[in-house]
Amino acid sequence: MFQPVNLVIDESNNVFVTDYYSNEVKIFTTTDLSTPVDKIGGFNFNEKTFTFPDLVIKPKDPKDAEDFDKLFVSDTFNHVVKVFNTNTKELIATLGSFGSGDAQFNQPCGLALSADGTELHVVDMMNHRISVWNASTFAHIDNYGRLGHGLNNGLYFPIDIICTSGKTMLVVDTGNNRIVKFNNRVEDTTYVVKQLDPYVKHMYNASGRLQLTTNTFPAMAIEAAGTDFYLSDLYTSNIVKFNNTWTTSNVIASYGKEAGKVKFPKGMFHKGGKLYVADTAAGEIEVITL
């Protein structure tokens, strides 16, 4: 069984996928997404409940002596972030430990690098905050965000994060069912970028069948492609596209196992005009041409 949760693609078109079922990172190529070419083990993704381990790659810096990319993986129920050499698959560092203090995590999940690649931002889900680390020295820098439900601050079970420019971050604030914005670790003046449907609505269609009428409850992951944003909705099995002002949206993939459809999708990665989706319940990587 294969239950992909999140993925990232490097410059050589290797696809690194967190597999919830096997507690492994499986490695594929974009030309063959059915058979892994390698794997990395030793994670704890599924100890208690369904979680959202993430990955991000820091490309090698030509100014550094290192000649390899760094793969960061949030090891959710070990409450750490692990760092690997992408060439040798060797573990080179472990960030954090269990707890609520500085440099500690309680179920880390979403990961993002700042635009210049110097900072790693980690969604510390059960501590309701974002933890910031130096992406080269692995030293803890700061935390931002806190438990709350305010219009201008507060996080409640955040899940995912992306960098839009510089150190501007969009966070999927799942418990509050919204997308919020931080600039250089401070709440933006328009903190709530998009408030999503507050609850799942139902109705009966013309055939008398019960159906969901909400498109986005709750947002599970976010990915940017150009000026557009994509949200995966685990519960209604939709991938929803928003424009850069978050004022218009359309469903680009809906529930199903056939090509172009998804079944409980989670993580996404955009590359080369295609959206690669971790189609969790279908046990495959779905590729959607944008």
Side-chain angles (χ1 to χ4, degrees), residues 3-10 14-28 39-47 49-59 69-84 86 91 93-96 105-114 117 119-133 135 138 145 155 157-164 169-174 179 182 218-224 229-234 239 264-271 275-280 285:
Q3 291 182 307
V5 175
N6 240 313
L7 70 159
V8 66
I9 304 174
D10 69 10
N14 296 304
V15 185
F16 297 80
V17 183
T18 51
D19 183 1
Y20 170 82
Y21 179 79
S22 68
N23 285 312
E24 295 173 327
V25 170
K26 287 190 166 66
I27 305 169
F28 302 82
K39 62 184 179 181
I40 305 171
F43 301 100
N44 188 2
F45 297 149
N46 62 13
E47 179 180 302
T49 185
F50 194 81
T51 54
F52 306 93
D54 201 3
L55 318 88
V56 69
I57 290 176
K58 182 183 186 315
D69 296 347
K70 297 184 183 75
L71 174 71
F72 295 85
V73 183
S74 53
D75 191 357
T76 311
F77 283 118
N78 283 325
H79 307 286
V80 297
V81 173
K82 292 180 176 176
V83 190
F84 295 88
T86 56
L91 178 68
T94 299
L95 314 184
F105 299 115
N106 190 346
Q107 296 185 32
C109 47
L111 304 175
L113 291 167
S114 58
E119 293 182 355
L120 175 73
H121 293 238
V122 183
V123 177
D124 189 6
M125 182 176 68
M126 297 300 287
N127 285 325
H128 310 283
R129 67 187 183 186
I130 312 300
S131 180
V132 187
W133 298 71
F138 312 131
L155 296 171
F157 300 108
I159 288 288
D160 202 13
I161 186 170
I162 61 169
C163 176
T164 57
M169 300 287 173
L170 295 185
V171 177
V172 178
D173 186 15
T174 301
I179 309 299
F182 292 88
M220 288 288 108
I222 185 172
E223 177 69 3
F229 297 98
Y230 296 84
L231 297 181
S232 66
D233 175 11
L234 184 73
I239 304 294
F264 306 124
K266 202 282 170 182
M268 301 169 287
F269 190 85
H270 168 254
K271 185 171 185 179
L275 191 67
Y276 294 80
V277 181
D279 197 1
T280 308
I285 305 301

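- Rounded to the nearest 0.5 angstrom, Ser74 OG and Leu55 CG are separated by 7.0 Å.
- In this structure, the side-chain contact (heavy atoms from CB on, under 4.5 Å) partners of Glu24, at least two apart in sequence or on a different chain, are Ser22, Lys26, Lys39.
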Checklist entry - After noting the C-alpha distance and the side-chain angles of Thr86 and Asn14, does the key distance pass the side chain to side chain contact (heavy atoms under 4.5 Å, CB included) rule? => result CA-CA 10 Å; Thr86 56; Asn14 296 304; over 6 Å; no

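- Evaluation of the side-chain contact (heavy atoms from CB on, under 4.5 Å) rule for Phe84 yields Ile40, Phe43, Leu71, Val73, Lys82, Leu91 as partners, not counting sequence neighbours.
- Glu119 is linked by a side chain to side chain donor-acceptor pair (under 3.5 Å) to His121, Lys167, Arg185, counting only residues two or more places apart in sequence or in another chain.
- Lys70 is linked by a side chain to side chain donor-acceptor pair (under 3.5 Å) to Glu66, counting only residues two or more places apart in sequence or in another chain.
- Under the 3.5 Å distance criterion, the side-chain polar atoms of Lys266 are left unmatched by any main-chain donor or acceptor of Thr51.
- Closest approach of Ala135 and Leu113 over heavy atoms only: CB-CD2, 4.0 Å.
- Not counting sequence neighbours, the partners of Asn44 by the side chain to side chain donor-acceptor pair (under 3.5 Å) test are Glu47.
- Residues passing the ring-ring contact (aromatic ring centres under 6.0 Å, His included) test with Phe269, sequence neighbours excluded: none.
- Remark: the backbone N or O of Gly41 is not paired with any side-chain donor or acceptor of Asn23 at under 3.5 angstrom.
- For Asp69, the side chain to side chain donor-acceptor pair (under 3.5 Å) criterion is met by no residue, not counting sequence neighbours.
- The minimum heavy-atom distance between Thr164 and Phe229, with the atom names listed, is CG2-CE2, 4.1 Å.
- With sequence neighbours left out, Phe264 forms a ring-ring contact (aromatic ring centres under 6.0 Å, His included) with no residue at all.
- For Thr18 (side chain) and Asn6 (main-chain N/O), a donor-acceptor pair under 3.5 Å exists by modelled atom type.
- Put simply, the side chain of Ile130 does not reach to within 4.5 Å of the side chain of Met169, judged on heavy atoms.
- What you find for Leu7 and Gly267 is that their closest heavy atoms are CD2-O, 3.6 Å.
- Scored by the ring-ring contact (aromatic ring centres under 6.0 Å, His included) test, His270 finds no partners at all (sequence neighbours excluded).
- For Asp173, the salt bridge (charged side-chain N to carboxylate O under 4.0 Å, His left out) partners are Arg178, not counting sequence neighbours.
- Checking side-chain atoms of Asp124 against main-chain N and O of Pro108 turns up no donor-acceptor pair under 3.5 Å.
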- [ ] Take Val5 and Asp19 through the side chain to side chain contact (heavy atoms under 4.5 Å, CB included) test and state the conclusion after the steps.
- [x] CA-CA 6 Å; Val5 175; Asp19 183 1; over 6 Å; no

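- Heavy atoms only, all atoms of each residue included: Val81 and Val122 are closest at CG2-CG1, 4.0 Å.
- You'll find the side chain of Asp279 stays beyond 4.5 Å of the side chain of Ile285, heavy atoms only.
- Once rounded to the nearest 0.5 Å, the distance linking SG of Cys163 with CG of Leu120 reads 11.5 Å.
- Every residue two or more places apart in sequence or in another chain that forms a ring-ring contact (aromatic ring centres under 6.0 Å, His included) with Phe52 is listed here: Phe50.
- A distance of 10.5 Å separates OG1 in Thr280 from OH in Tyr20, rounded to the nearest 0.5 Å.
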ask   = Checking side chain to side chain contact (heavy atoms under 4.5 Å, CB included) for the pair Val83/Thr94: CA distance, chi angles, key distance, verdict?
value = CA-CA 6 Å; Val83 190; Thr94 299; over 6 Å; no

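- Rounded to the nearest 0.5 angstrom, Met125 CE and Cys109 SG are separated by 5.0 Å.
- Here the shortest heavy-atom pairing between Trp133 and Gly96 reads CH2-N, 3.5 Å.
- Partners of Asp54 by salt bridge (charged side-chain N to carboxylate O under 4.0 Å, His left out), not counting sequence neighbours: none found.
- Expressed to the nearest 0.5 Å, how far CG of Leu155 lies from OG1 of Thr174 amounts to 10.0 Å.
- The CE atom of Met268 lies 5.0 Å from the CD1 atom of Ile239; values are rounded to the nearest 0.5 Å.
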